[in-house]
Amino acid sequence: MSDTIQKYRDYVMTGFVKSVAPIVIETASGAVITDVNGREYLDCFAGISVVNAGHCNPQVIAAARAQMEKLIHGSSYLYHVQPVADLAEKIAHIAPRGLTKTFFGNGGAEAIEGALKLARLYTGKHEFVALQTSFHGRSFGALSVTGNMGRKKRGGPYGTGVAFAPAPYVYRSQWPNDPEECGRQCARAIEDIIRFATSGDVAAFIAEPILGEGGIIVPPLNYFKEVKKVLDQHGILFIADEVQSGFARTGKMFAIEHYGVTPDILVTAKGIADGFPLSAFTTRPEIAAAYKPGDHLSTFGGNPVCCAAALANIAFMESEQLAARATQTGDYAMAKLRDLQRQYPLIGEVRGLGLMIGVELVRDEKLTPAALEAEAIRDSLLRQGVLVGVGGAYGNVVRFQPPLVITRMQIDQAIAAFGKALAEVTQSVAALPIS
Ligand code: PLP
């Protein structure tokens, strides 16, 4: 056994996903990861949807290295640092209209916490409405607004003053063939939730424009417009959690752009700096003004090296038109996955936007979740040298979220391996005795 695996066993708190055989990564480039034994893996998960501009992107590295030679840490909230100012200006230009003021943190959960707190201070109200099956991070506040029981198991009870509305999960809704009706009804349910499940003191509604950990749930196109009408009637802010869907992943710089709605607070992390730890929440100046001096700070937040990396990352996305590329490659991949769906009844639904793609596996027409099969497919893909994620409210969704620089040839390789995994798993399920 490798020295690294043994040291992980002895000294690292491995409170994460079990794996048949942990990979010890040594290097990575583009969409390919290489382990310590020189074996290559095609990465279709991008470090959980992070390295959108590719692993070890040369432009991002050059910018980070140049900044590192000058200043690594100065505490960006005690003093001023140029990359922070430049990045905040850049985000003001690419974020939905009117969102011009940014606070930088280090990870997604930290940014969610800051956004929730800001919403309370600005509105003077205290409750939140969130979605069932959502995921917003593993800190206490973020877990309190997380509706995905599988992701928040153990550690409760969580914070009070949070009511959960049904997610617009068309495939498992009462309206599987009528997305618009599903969108309308789920938005209408928020009205009832506010009336019957809160004390009317709601500061914000928080939602992922596409629910990632919940199983790549893509809300119907009318959903957020309908929701926004309800929120506006009640003076409730809309916090869009784009930690996973942001930075070109879905074919737009931010997924909420697909819905023609402007959030009040936009939360980002993961893809913002191509792997450097950075997060942000961005809002209108009048909301930002609710934070008075001393109200909010982060020692490492707005690290100059991460901010320089983020600027180069965004420049790369723009010059290489990564958002458009995500749409083209994503449509290509989904068409191929739908071909497989016609062959394998195990595939219940293929859904996604851009390169945020989920394949939901079911055992039968009652849509019984095929969670064990999803894990078996992930393991088979791993043996074949392809890395994917598995998630979803029922653990039965295979997630394809590769670096956006992935080529069509690499997609072909991944889908061929997926086809082989489906054949293997279908055969082994057929061989099981009928119980
Ligand atoms: N929000 C969403 C939508 C996420 O997917 C995640 C992480 O997966 C988070 C928040 C938390 O981010 P982090 O793990 O960086 O704290």
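Read the numbers this way: they start at 1 and go in the same order the structure lists the ligands and their atoms. By convention here, the first residue in the shown sequence is residue 1. This is a predicted model, so every value here is computed, not measured.
Heavy-atom distances between K270 and ligand 1 reach below 4.0 Å in at least one pair. In this structure, D241 is part of the shell of residues with a heavy atom less than 4.0 angstrom from ligand 1.
At a 4.0 Å heavy-atom cut-off, ligand 1 does not touch A269 at all.
Atoms of ligand 1 found under 4.0 Å from any heavy atom of V243 (numbered from 1 in listed order, with element): 1 (N), 2 (C), 4 (C), 6 (C), 9 (C), 10 (C), 12 (O). Near A109, with a cut-off below 4.0 Å to any heavy atom, the atoms of ligand 1 are 11 (C), 12 (O), 13 (P), 16 (O). Ligand-side atoms of ligand 1 in range of E213: 8 (O), range being under 4.0 angstrom from any heavy atom. Annotation for ligand 1: atoms under 4.0 Å from non-hydrogen atoms of E208 are 3 (C).
Under the 6.0 Å distance and 45° angle rule, R39 counts as a cation-pi partner of Y41.
At a threshold of 4.0 Å, the pair R184-E180 counts as salt-bridged, since one of the basic side-chain nitrogens sits closer than that to a carboxylate oxygen. Salt bridge E373/R363: present, at least one basic N to carboxylate O contact under 4.0 Å.
By the definition of a contact as any protein heavy atom under 4.0 Å away, atom 1 (N) of ligand 1 is in contact.
The shortest non-hydrogen separation linking L231 to L237 is CD1-O, 4.3 Å. Of all heavy-atom pairs spanning F164 and L131, the tightest one is CD2-O, 3.7 Å.
Around CD of Q82, the count of heavy atoms belonging to other residues, nucleotides or ligands within 6.0 Å does not exceed 12. In K117, the NZ atom is crowded: over 12 heavy atoms of neighbouring residues, nucleotides or ligands sit closer than 6.0 Å.
Looking from atom 12 (O) of ligand 1 to the surrounding protein, the closest heavy atom is G108 CA, 3.3 Å. Distance from atom 5 (O) of ligand 1 to its nearest protein heavy atom, with residue and atom name: Q244 NE2, 2.7 Å.
Among E110, H136, E113, the residue whose heavy atom lies nearest to atom 10 (C) of ligand 1 is H136.
Between the side chain of Y259 and the main chain of P220, no donor-acceptor pair closer than 3.5 Å is present.
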